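In what follows, a single structure is set out as structure tokens and then discussed.
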Amino acid sequence: MAFLREAVEKQKVYLIQQLMAKGIVDKNDQELYDKPISEIVNDYEKFCREFEKQNALKFTRYNPVKKEEKPDFH
């Protein structure tokens, strides 16, 4: 079981480093290392949902101006 614990800890450190590299979490936030990985993932999911709400695309109807057809001379 020790190897599983070590693998989860390495995965958690990797996840934290990725979040720091992307600027999602502060590089000086050392309390992240005390949190379980499931809590970090839940916090990240909440961040993603909030980010999507703030940056949601607003779709509008495309309505081009119709040009009159001109007769084509051959």
Side-chain angles (χ1 to χ4, degrees):
M1 293 299 281
F3 67 94
L4 288 176
R5 209 172 289 123
E6 184 179 339
V8 169
E9 190 62 31
K10 285 183 180 181
Q11 187 67 28
K12 181 173 81 169
V13 170
Y14 177 74
L15 174 63
I16 293 170
Q17 289 173 346
Q18 292 299 309
L19 293 173
M20 287 178 179
K22 291 182 180 181
I24 296 171
V25 296
D26 186 24
K27 292 184 179 187
N28 298 324
D29 191 2
Q30 294 298 315
E31 76 176 35
L32 283 175
Y33 292 97
D34 297 331
K35 289 183 175 183
I37 194 167
S38 60
E39 193 174 330
I40 296 170
V41 170
N42 287 337
D43 290 347
Y44 179 66
E45 288 174 348
K46 287 178 189 175
F47 167 80
C48 288
R49 277 187 248 128
E50 289 298 318
F51 184 80
E52 286 175 4
K53 283 181 186 177
Q54 291 174 358
N55 298 316
L57 294 175
K58 294 184 172 94
F59 294 101
T60 57
R61 185 177 287 169
Y62 177 68
N63 194 9
V65 177
K66 292 186 177 184
K67 296 181 180 178
E68 290 184 31
E69 290 187 26
K70 295 182 181 176
D72 191 23
F73 294 106
H74 294 270

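Because the structure is a prediction, the values reported are computed rather than measured.
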Supply the atom-to-atom distance [X] [atom1] to [Y] [atom2], rounded to the nearest 0.5 angstrom.
| X | Y | atom1 | atom2 | answer |
| --- | --- | --- | --- | --- |
| Y44 | K22 | OH | NZ | 5.0 Å |
| M20 | D29 | CE | CG | 6.5 Å |
| Q17 | K27 | CD | NZ | 11.0 Å |
| R49 | K53 | CZ | NZ | 8.0 Å |
| N42 | I37 | CG | CD1 | 11.0 Å |
| D43 | I24 | CG | CD1 | 12.0 Å |

For V25 against I16, the heavy-atom pair lying closest together: CG2-O, 4.4 Å
Closest non-hydrogen atom pair, L19 against I40: CD1-CG2, 4.0 Å
Residues, nucleotides or ligands: over 12 heavy atoms within 6.0 Å of K35 NZ: yes
Greater than 12 external heavy atoms within 6.0 Å of F47's CZ: yes
Electrostatic pair R5-E9, nearest N-O below 4.0 angstrom: no
Verdict with reasoning, E50 to K46, per salt bridge (charged side-chain N to carboxylate O under 4.0 Å, His left out): CA-CA 6 Å; E50 289 298 318; K46 287 178 189 175; over 6 Å; no
